[in-house]
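Here the structure is a predicted model, which means the values were calculated and not measured. Start at 1 with the first residue, then count along the sequence.
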Amino acid sequence: MASIRRSLFASCLLFLPSAFGAPAPGMTVTVEKTVEITSSKRYCWYSTIHRFSTGEILVTMRMSPDELHPEGEFSAYCLSGDGGQTWSQRYTMGAGANVDAAYTQGSPPDGTLLSLGAGYGAPIAYPPGQAQEFHVTLTRYSRGGLESTQIRDAVLRLRAPVKAEPMMLFDLGTRDTSKLETAPDITPFGAIIDGLDGGLLSTAYCTAEKDGRQQALMIRSTDNGRTWDECGVIAGLAVAEKPTTWMGDEGPSETAVVRLADKRLYAIFRTGGNALLGQTWSSDDGRTWTRPVPIGFKGVDPHLRRLSNGMLVCTTGRPGPVTLYFNADGRGENWSHATEVFAGRSTCYSDVIELEPGKLLVVYDSTPYGPHQIPYSDRGARNTICAAFIAYQ
């Protein structure tokens, strides 16, 4: 599962789904101006976006190759204090600003944001010799992104062991000169949201050691992120169950979750690089979930937000452009208004926040050489992180 992001990494050809419910009456969506956040002649891709309660916006990006190599992780972030109009320089980090992590959704009143995880295979088995309990990286941003603290021994405990994946530098087809030969196939990914009991909930995906079942999991913390325990299976696909009538061969992986107005949880998850997204609901705060069903359109790395008017919004892409979708009923049952945000070459990993009622900000990357490093011979090319302002009414 470590190389799933590379599946069908190509130009985003126009693809807009036809399986939709009725659109919101009279609603119009407009892609307004786009601004450049940052760019690099090296790797600069896979962005996420978040907002502090004090108003500052934080956009993260991966600055290293897309590979299974925790010791080589390199990430960065930029800040905006004027609603996304202008952006700071890149502030570089090792772990802590990587797309392969779970981030606080919403804007906690204490002015902090959490990031759980540090990239593919980054959890470390602790104690050694087992594959069910791990140390993970927890990063806490504060002061509008000007301060960050990080611990490397937050705890993640699972109900069953996970597989180990070989370390791999994908471009060289070998592992690096490292003492690490394998990494556990477990990755926190998506959103961190409030549980109904006062704790925190988040999502992760893994491959089970016993039967190779690929699973999206719900995890829970009661100590503000220092310790996480598996509390439910959002969706799973065993090797013996392939192929399904609609789910991709990867099975459930990258997951987005949001709290609905009726207090249920709603989750969307990736199933392949050219496969339908799945969706499911929980009425008991993530312990059990309805049988997954297809959402009606394909994509990777879905991101969900519940807007101030109760509607839901989702960003995803591949195959096809970076695309924004709306759910007017606020329940995830009917999606409409597929809006193309960017159709150039991109990872199609994107994210969205609400700036104010009727205004959204979508971030994405432009990568002219796809998954490859920009060659030295092309001195004008660069990878770019962009932000598109979206209006709807």
Enquirer: Kindly write out the residues that satisfy side chain to side chain donor-acceptor pair (under 3.5 Å) with S142, not counting sequence neighbours, or none if the list is empty.
Expert: none
Enquirer: How long is the gap from CD on Q132 to CD on E230, to the nearest 0.5 Å?
Expert: 8.5 Å
Enquirer: Any side-chain donor-acceptor pair under 3.5 Å between T280 and T290?
Expert: yes
Enquirer: S178 and D176: side chain to side chain donor-acceptor pair (under 3.5 Å), yes or no, with the steps?
Expert: CA-CA 5 Å; S178 164; D176 201 4; over 6 Å; no
Enquirer: Using the side chain to side chain donor-acceptor pair (under 3.5 Å) criterion, which residues pair with R157? Sequence neighbours excluded.
Expert: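 Counting only residues at least two positions away or on another chain, R157 forms a side chain to side chain donor-acceptor pair (under 3.5 Å) with D229.
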Enquirer: Decide whether E340 and T323 meet the rule of one side-chain donor and one side-chain acceptor closer than 3.5 Å.
Expert: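 There is no such pair (donor and acceptor under 3.5 Å, judged by atom type) between the side chains of E340 and T323.
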Enquirer: In Å, rounded to the nearest 0.5 Å, how long is the span from CG of L277 to NZ of K298?
Expert: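 Interatomic distance, L277 CG to K298 NZ, rounded to 0.5 Å: 10.5 Å.
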Enquirer: Please determine, by modelled atom types, if Q214 and T207 share a side-chain donor-acceptor pair under 3.5 angstrom.
Expert: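 There is no such pair between these side chains.
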Enquirer: What I want to check is whether the side chains of S336 and N334 have a donor and an acceptor closer together than 3.5 Å.
Expert: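 On atom types as modelled, these side chains do not qualify, holding no pair under 3.5 Å.
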Enquirer: Quick test of your reading of the model: are R51 and E56 salt-bridged, counting only N-O distances below 4.0 Å?
Expert: no
Enquirer: To the nearest 0.5 Å, what is the distance between CD1 (I268) and OG1 (T255)?
Expert: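 Taking CD1 in I268 and OG1 in T255, the distance rounds to 10.0 Å.
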Enquirer: Can you name the residues that form a side chain to side chain contact (heavy atoms under 4.5 Å, CB included) with M168, not counting sequence neighbours?
Expert: F170
Enquirer: List for me each residue that meets side chain to side chain donor-acceptor pair (under 3.5 Å) alongside T38, sequence neighbours excluded, and say none if there are none.
Expert: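 Result, side chain to side chain donor-acceptor pair (under 3.5 Å) vs T38: R90.
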Enquirer: How long is the span from the CZ atom in R259 to the CG atom in L304, to the nearest 0.5 Å?
Expert: 13.5 Å
Enquirer: For S308, what residues pass the side chain to side chain contact (heavy atoms under 4.5 Å, CB included) criterion, not counting sequence neighbours?
Expert: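 Side chain to side chain contact (heavy atoms under 4.5 Å, CB included) list for S308, sorted by chain: E354, P357.
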Enquirer: Running the 4.5 Å side-chain criterion over Ile, Leu, Val, Met, Phe, Trp and Tyr, what cluster does I124 land in, apart from itself?
Expert: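 Members alongside I124: none; it stands by itself.
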Enquirer: Centroid separation under 6.0 Å, is that true for the rings of Y325 and W335?
Expert: no
Enquirer: Going by the angle between their ring planes, with limits at 30° and 60°, are Y349 and Y46 parallel, tilted or perpendicular?
Expert: perpendicular
Enquirer: Would you compute the distance between atom OG1 of T245 and atom CG of L276 and round it to the nearest 0.5 angstrom?
Expert: 9.5 Å
Enquirer: Could you work out, with side chain to side chain contact (heavy atoms under 4.5 Å, CB included) as the rule, every residue matching A381, not counting sequence neighbours?
Expert: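 A381: side chain to side chain contact (heavy atoms under 4.5 Å, CB included) contacts with P368, Y369, I374, D378.
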Enquirer: With clusters built from Ile, Leu, Val, Met, Phe, Trp and Tyr whose side-chain heavy atoms come within less than 4.5 Å, directly or transitively, what are the remaining members of the cluster of V233, listed by chain and number?
Expert: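 Under the 4.5 Å side-chain rule, V233 groups with L114, L116, F134, V136, L138, I151, L156, L158, V162, I186, I192, L200, L217, I219, W228.
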Enquirer: Is it true that the side chains of Q373 and K41 contain a donor and an acceptor less than 3.5 Å apart?
Expert: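 Note: Q373 and K41 side chains miss the donor-acceptor criterion.
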Enquirer: Using the ring pair (Phe, Tyr, Trp, His ring centres under 6.0 Å) criterion, which residues pair with H50? Sequence neighbours excluded.
Expert: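 Partners of H50 by the ring pair (Phe, Tyr, Trp, His ring centres under 6.0 Å) criterion, ordered by chain and then number, come out as Y103.
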Enquirer: Using a distance-only test with no angle check, is there a side-chain donor-acceptor pair under 3.5 angstrom linking S75 and N98?
Expert: no
Enquirer: Is a side-chain donor-acceptor pair under 3.5 Å present for R382 with S39?
Expert: yes
Enquirer: Salt-bridge test for E71 and K179: reply yes if a basic N is under 4.0 Å from a carboxylate O, no otherwise.
Expert: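 Salt bridge: no.
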Enquirer: Should side-chain heavy atoms under 4.5 Å link Ile, Leu, Val, Met, Phe, Trp and Tyr, which residues sit in the same cluster as I385?
Expert: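 So far as hydrophobic clustering goes, I385 is joined with V35, I37, I49, I57, V59, M61, M63, F74, W87, I353, L355, L361, V363, F389.
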Enquirer: Between the side chains of Y120 and E165, does any donor sit under 3.5 Å from an acceptor?
Expert: no
Enquirer: Do Y392 and F326 make the cut of ring centroids closer than 6.0 angstrom?
Expert: yes
Enquirer: For Q393, does the CD atom sit with more than 12 other heavy atoms under 6.0 Å from it, leaving out its own atoms?
Expert: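 No - once you tally the heavy atoms of other residues, nucleotides and ligands closer than 6.0 Å, there are 12 at most.
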Enquirer: With a 4.0 Å cut-off on N to O distance, would you call E73 and R62 a salt bridge?
Expert: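 A salt bridge links E73 with R62.
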Enquirer: With sequence neighbours left out, what residues match W289 under ring pair (Phe, Tyr, Trp, His ring centres under 6.0 Å)?
Expert: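 Once residues adjacent in sequence are excluded, W289 has no partner under the ring pair (Phe, Tyr, Trp, His ring centres under 6.0 Å) criterion.
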Enquirer: To the closest 0.5 Å, what do you measure between SG (C78) and CD (E36)?
Expert: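 One finds 10.0 Å between SG of C78 and CD of E36.
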Enquirer: With no hydrogens and no angle check, do the side chains of S346 and S366 hold a donor and an acceptor under 3.5 Å apart?
Expert: no
Enquirer: Do H135 and R152 touch side chain to side chain, with heavy atoms closer than 4.5 Å?
Expert: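 H135 vs R152: side chains apart.
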Enquirer: Return yes when atom CZ of R42 has more than 12 non-hydrogen atoms of other residues, nucleotides or ligands closer than 6.0 Å, and no otherwise.
Expert: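 Result for CZ/R42: open.
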Enquirer: Going by side-chain heavy atoms closer than 4.5 Å, which hydrophobic residues are tied to Y141, directly or by a chain of links?
Expert: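 Answer for Y141: F52, L58, Y77, L79, Y91, M93, L113, L146.
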Enquirer: Is the closest side-chain donor-acceptor distance between D365 and T347 under 3.5 Å?
Expert: yes
